[in-house]
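Protein chains get the first letters and strands the later ones, always in sequence-line order, with residue 1 at the start of each.
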Amino acid sequence: MARVLVGVKRVIDYAVKVRVKPEKNGVVTQGVKHSMNPFDEIAVEEAVKLKEKKLAGEIVAVSVGPTQSQEVIRTALAMGADRGIHVEVPAAEYELLQPVHVSKILAKLALEEKADLVILGKQAIDDDANQTAQMTAAVLDWPQATFCNKVEKTDAGLTIVREIDGGLETIKTKTPAVLSADLRLNTPRYATLPNIMKAKKKPLKKVTPKDLGVDTTPRIEIISVEDPPVRQAGAVVADVDALVAKLKEGGHV
Amino acid sequence: MQFRSVQNLLKNVNNCAYYLHRNFFQITKRDKGKWDLINDTGKVSVERSIPEHIEKPPYYFKHMEAGNTLGTPEIKNAEQIKQMRSSGKLAAQILRECGRMATIGTTTDEIDEFAHKRILAHNAYPSPLRYAGFPKSVCTSINNVACHGIPDDRQLVDGDIINIDVTVYLNGCHGDCSETFLVGDVDERGRLLVSATRECLMKCIALCGPGVAFNEIGKCIDLFCSEHKLESVAAFIGHGIGNYFHGPPEIYHYANDVPGEMQSGMTFTIEPILSLGRGEIGLLEDGWTAVSLDDSRSAQFEHTILITENGVDILTSAD
């Protein structure tokens, strides 16, 4: 039966007010609440649903990052994943880690673990990159179905409904394949106390990118991180003529 | 964009330093009422003794893990139901008596001592004691403690809301109930929270009956919460109960599509915890006390119920 690899990323919780560090080289993460990337929760939920429908046999949750990334793996285990793999990257290196590196790591693991399906969240809420699923598919030379709204198994493979700019698109693909989960794919379940306790016993393997033969040398350099400019107050005009005059003045018309 | 974030995993020992600072996580505070924040467990007294003649559950003699709540729920026969009724009745009675002790200046340890003595006086065993290593005879959860609070030397102060969870083991049967009590003058938000939580539980019980899906309870709680602008603390579940403290079925307090239907003869608890904040919890160093991560209060009410041929019976009703 199918083995599903799910990628989960530890990000700053969506409800936190993100602050730029005074040194302007990043945002404050120390002591700030982190959670699993919401789209990754949806990815895990989809994998668990496949397992409940007996369409998948084993779910492996993977996270790339520093030690704390294990927290989100445990959350995935509590939601129903069977085992976890933590690819450890030290904090300093993690700052500069990009989808191009992560996709190679996930691809290597997908092959090693003989996965039939890789399900990722469509994008992370910290970088909004929306690249990892696509790049992973490219490295593996597997078909990709991104922005999944619905996933159905057929005899031939999968029938997937995707969210695109114009509406919904239905595609068919064979497996193995890489999927990326979009918002409306499902509603993730909460981890209940009994499941959290059970998750503590599920195996969590630790590896490094080096073990997988992936080079994580940074390709970028962070020059500066700044707050967006303070919004200027608008001006209220008396009537349409005044508005047109102001637009002409400003060279917009 | 609306996300439903998964309950933050219970952090343990190493990470609990987070809780010692107010709103250390910098999440927008939702519960802006005036009340005393519980930061840590106080001094827990030594284990209270159980006399020889009291029938003790298996976990008294050997450390066991919490019961397995997966599997097919037990259908009880008339004899078992009779036993369940007496355990439930006793639990309800002890809970009511404990409620009278929830006054300013009383410590939760004193409430525990009182409950312990009263349960023994009825020739029953206080189920929480030694269950999965729990050190006391009742759970006392104040303000921002969601549940499983350990009785200690802290005195109740004016404005506290305290949940007392009583479970008794009588004639080989457990009966489980809890109620949140107001101590002194509680602020408006606190009072609304408590009355809403009580109402929520009663609504859930009212919909139970043979053939009703278990997940109707979760749906009901979700709907109730969105109407009252509260959140359900999803990590904790209701559970089957009988000769065992916790068993199948699992009752989720949030909307879900887990299959399963109630049948006549089943006994289980419904125990929603409603929160003024986001409903996410973490564990203190003691490994038991569940506190909210955003410094918000929660209230809980619990009953053990029996599904009958034509409806539902509350085994732990206080009449």
Side-chain angles (χ1 to χ4, degrees), chain A residues 8 10-19 27-45 48-49 52-53 67-68 70-80 121 123 125 128 182-184 186-201, chain B residues 1-12 14-15 17-18 21 23-30 65-70 132 146-148 218 222 231-239 246-248 250-259 277-283 288 290 293-294:
Chain A
V8 293
R10 180 177 180 265
V11 298
I12 295 178
D13 188 274
Y14 75 89
V16 170
K17 203 163 156 45
V18 176
R19 289 178 300 132
V27 298
V28 179
T29 54
Q30 181 75 335
V32 167
K33 184 171 193 301
H34 286 67
S35 313
M36 189 193 292
N37 182 36
F39 293 108
D40 298 350
E41 284 177 11
I42 297 173
V44 174
E45 176 65 26
V48 177
K49 277 193 154 65
E52 284 171 348
K53 289 188 203 143
T67 322
Q68 300 95 316
Q70 292 193 12
E71 291 164 11
V72 296
I73 301 179
R74 289 265 170 234
T75 305
L77 295 173
M79 284 172 77
Q123 66 197 59
I125 60 171
D128 282 328
D182 207 330
L183 190 62
R184 282 155 281 270
N186 60 50
T187 307
R189 66 196 59 198
Y190 290 104
T192 58
L193 184 63
N195 292 342
I196 293 168
M197 289 303 166
K198 274 185 221 136
K200 290 193 180 172
K201 302 211 192 98
Chain B
M1 268 207 286
Q2 286 294 112
F3 296 130
R4 275 196 31 198
S5 79
V6 171
Q7 290 303 300
N8 196 338
L9 207 55
L10 301 193
K11 292 182 193 278
N12 226 318
N14 304 324
N15 303 19
Y18 289 150
H21 303 263
N23 202 12
F24 193 67
F25 281 125
Q26 293 148 62
I27 307 170
T28 326
K29 237 169 114 62
R30 285 207 216 161
E65 279 171 6
N68 183 14
T69 42
L70 287 175
C147 63
H148 299 166
D222 240 23
E231 296 260 2
S232 171
V233 176
F236 298 99
I237 59 171
H239 53 90
H246 299 91
E250 293 190 330
I251 306 296
Y252 299 101
H253 299 126
Y254 59 90
N256 66 92
D257 48 20
V258 177
R278 295 216 310 173
E280 287 177 307
I281 45 95
L283 286 188
W288 278 103
L293 290 185
D294 60 356

Colleague: Compare every heavy atom of A:Pro194 with every heavy atom of B:Ile237, then report the nearest pair and how far apart it is.
Modeller: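 In this case the closest contact between B:Ile237 and A:Pro194 is CD1-CG, 3.3 Å.
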Colleague: What distance do A:Asn195 atom CG and B:Leu70 atom CG have between them, rounded to the nearest 0.5 Å?
Modeller: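 If we round to the nearest 0.5 Å, A:Asn195:CG and B:Leu70:CG are 7.0 Å apart.
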Colleague: Quick one: does any side-chain atom of A:Tyr190 pair with a main-chain N or O of B:Tyr254 as donor and acceptor, under 3.5 Å?
Modeller: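 Pair absent, no side-chain N/O of A:Tyr190 close to backbone of B:Tyr254.
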Colleague: Kindly indicate, with the supporting measurements, whether the criterion side-chain contact (heavy atoms from CB on, under 4.5 Å) is fulfilled by B:Asp257 and A:Lys49.
Modeller: CA-CA 11 Å; B:Asp257 48 20; A:Lys49 277 193 154 65; 3.9 Å; yes
Colleague: Got a second to check how far B:Arg278's CZ is from A:Asp13's CG, nearest 0.5 Å?
Modeller: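 Between atom CZ of B:Arg278 and atom CG of A:Asp13 there are 4.5 Å.
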Colleague: Looking at residues at least two apart in the chain, or sitting in another chain, which of them share a salt bridge (charged side-chain N to carboxylate O under 4.0 Å, His left out) with B:Glu250?
Modeller: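 For B:Glu250, no residue satisfies salt bridge (charged side-chain N to carboxylate O under 4.0 Å, His left out) once neighbours in sequence are set aside.
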Colleague: Which value, rounded to the nearest 0.5 Å, describes the distance between A:Lys198 atom NZ and B:Asn68 atom CG?
Modeller: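 A:Lys198 atom NZ to B:Asn68 atom CG measures 6.0 Å (nearest 0.5 Å).
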Colleague: Could you pull out all residues at least two apart from A:Lys201 that satisfy salt bridge (charged side-chain N to carboxylate O under 4.0 Å, His left out)?
Modeller: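 Here the qualifying residues are B:Glu65.
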